[in-house]
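Single-structure report; data block below.
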2 protein chains.
Amino acid sequence: MARKQGSHSEITGPKVRDAALKLIARHGYAAVSMRQIAAEVGVQAGALYNYTPDKQSLLQDLMRSHMEELLAAARRELGGGSPLDRLRSFVTFHIRFHLPRVDQVFVAYMELRSLEPEAFAEIEKLRRSYENILQDILTQGEREGIFAIPDARVTTMALIGLMTGMTNWYREGGRLPMAEIEEIYWGLVRKAVAS
Amino acid sequence: MARKQGSHSEITGPKVRDAALKLIARHGYAAVSMRQIAAEVGVQAGALYNYTPDKQSLLQDLMRSHMEELLAAARRELGGGSPLDRLRSFVTFHIRFHLPRVDQVFVAYMELRSLEPEAFAEIEKLRRSYENILQDILTQGEREGIFAIPDARVTTMALIGLMTGMTNWYREGGRLPMAEIEEIYWGLVRKAVAS
DNA sequence: GTCTATATGAGGATAGAC
DNA sequence: GTCTATCCTCATATAGAC
């Protein structure tokens, strides 16, 4: 027989984050109540405050850890080589990192407006660091004459928009396997920047 | 001296929509209260209900009219010609229509989740009609051998993501004039689909 | 660590006076 | 058409028992 009360901090902590992420992605930060999150976890609302000082901190944690994981993974996995190799790596990495994390992506992009100014600035800085990885690749390729890029910053934002937009329509088990979509996207990017 | 009460239906109606759009774009549908909208308009909350039966209908109207204007303008302004001409027209049209309407774009994309199922389906149908205009151009160009496109649907979504993403970072009075950014984007699209 | 109970406030929406 | 006043519900967050 299951006890109704007890200590579960190691289980409940992640469950709170998972539940919050899922619900916020689906309905939006403001639309989700602490009661809903608690119900999803299977506890009462008051219990959540063992894991977060308040609702805003919960959102900040979700967004910060997403961006930090993204940056850490990028720095870990993106190697060297020619600008074309590095661009290919970046496209592949970006897609493979983001596609299994549609909820995180959606929240990280859409709930910026729900952040208080300080947290907003922190997240934006992390995002800018990530964008700069791509921008550096483009700039180097342009210098070497491999790419033809009128403006590295604008092209960076355009390509990130192109790739990230995939999370808006891709659904697992859809018409095309992920590997094929990845190839199509890589083809578009490669041709778009080619000299 | 200004009167405190009176009839202003012709002025107040649009003001309600403008205020709602601005606030929802900034803070999100769920985060904006009818009291906030009323304050922005300069009336009391109760007065809003002369212009909308409820909050949800207000959102639906904003989204529906944005999508209907988009479709109507596209059908009016997009002409014929070669697939390359038509693609160029589409890119230009898309950018020029969306850039001055960042609030509408943001709301139309981000608040889909705040719509009740029926309204959601209606908006999605309108969006799909718009996407199909681009998809038809790509398909025709592929048939004529002008474009090299592995998958028209995926390419459509990728290009729309690329172009619409501009609304996320473009700010009037920024580093580059709009015409130049438009040219950069057109260059990316043209090269990406070139055979 | 979780529960129940509650303080305190804000939300959407309506009623009736002007 | 707008106002004031209000109903009722739901929100976040806290307190204290277990």
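What you are looking at is a predicted structure, and each value in this text was computed from that prediction instead of being measured. So that the names make sense, note that chain A is the first sequence line, chain B the second, and so on, each numbered from 1.
Taking atom NZ of residue A/K55 and atom C1' of nucleotide D/dA13, one finds them 12 Å apart after rounding to whole Å. Look at CD on B/Q56: it is 18 Å from P on C/dG11, rounded to the nearest Å. In this structure, the CD1 atom of A/I11 is 13 Å from the C1' atom of C/dT2, given to the nearest Å. Rounding to whole angstrom units, OH of residue B/Y29 and P of C/dG12 are separated by 8 Å. Computed from coordinates, the B/L59 CG to C/dG12 P distance equals 13 Å when rounded to whole Å. Between the CD1 atom of B/I37 and the P atom of C/dA10 there is a distance of 17 Å, rounded to whole Å. Rounded to whole angstrom, the span from the CG atom of A/L23 across to the P atom of D/dA11 amounts to 12 Å. Atom-to-atom, CG of B/D54 to C1' of D/dT9 comes out at 16 Å; the value is rounded to the nearest Å.
When distances are taken from the side chain of A/N50 to each of C/dT2, C/dG12, D/dT2, the shortest belongs to C/dT2. Distance from the side chain of B/S33 is smallest for C/dG12 among the nucleotides C/dG12, D/dA13, C/dT2. Nearest nucleotide to the B/R35 side chain, out of D/dT6, C/dT2, D/dG1: D/dT6. Listed nucleotides C/dT2, D/dC3, C/dG12 differ in distance to B/M34; the shortest reach to its side chain belongs to C/dG12. Across C/dG12, D/dA13, D/dG1, the shortest atom-to-atom separation from the side chain of A/Y49 is found for D/dA13.
A/V32 comes within contact range of the sugar-phosphate backbone alone, with a heavy-atom separation under 4.0 Å but no base atom that close.
Counting heavy atoms of neighbouring residues, nucleotides and ligands inside a 6.0 Å radius, atom NZ of B/K22 does not exceed 12 of them.
Dashed line: the shortest gap from a side-chain N or O of A/Q44 to OP1 or OP2 of C/dT2 is not under 4.0 Å. A sub-4.0 Å separation between OP1 or OP2 of C/dT2 and a side-chain N or O of A/T12 is present.
Of the two residues near DNA chain D, A/A31 and A/G46, the one whose nearest nucleotide lies more 5' is A/A31.
Distance check: B/H27 NE2 to A/S114 OG gives 10.0 Å after rounding to the nearest 0.5 Å.
For the side chain to side chain contact (heavy atoms under 4.5 Å, CB included) test with A/V16, the passing option among A/N50, A/V43, A/L58, A/I11 is A/L58; the others fail.
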| message | Please determine whether side-chain contact (heavy atoms from CB on, under 4.5 Å) holds for the pair B/L87 and B/R190, giving the CA-CA distance in whole Å, both sets of side-chain angles, and the decisive distance to 0.1 Å. | response | CA-CA 8 Å; B/L87 183 61; B/R190 180 179 45 76; 5.8 Å; no

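Between A/H98 and A/L70, some side-chain heavy-atom pair lies under the 4.5 Å cut-off.
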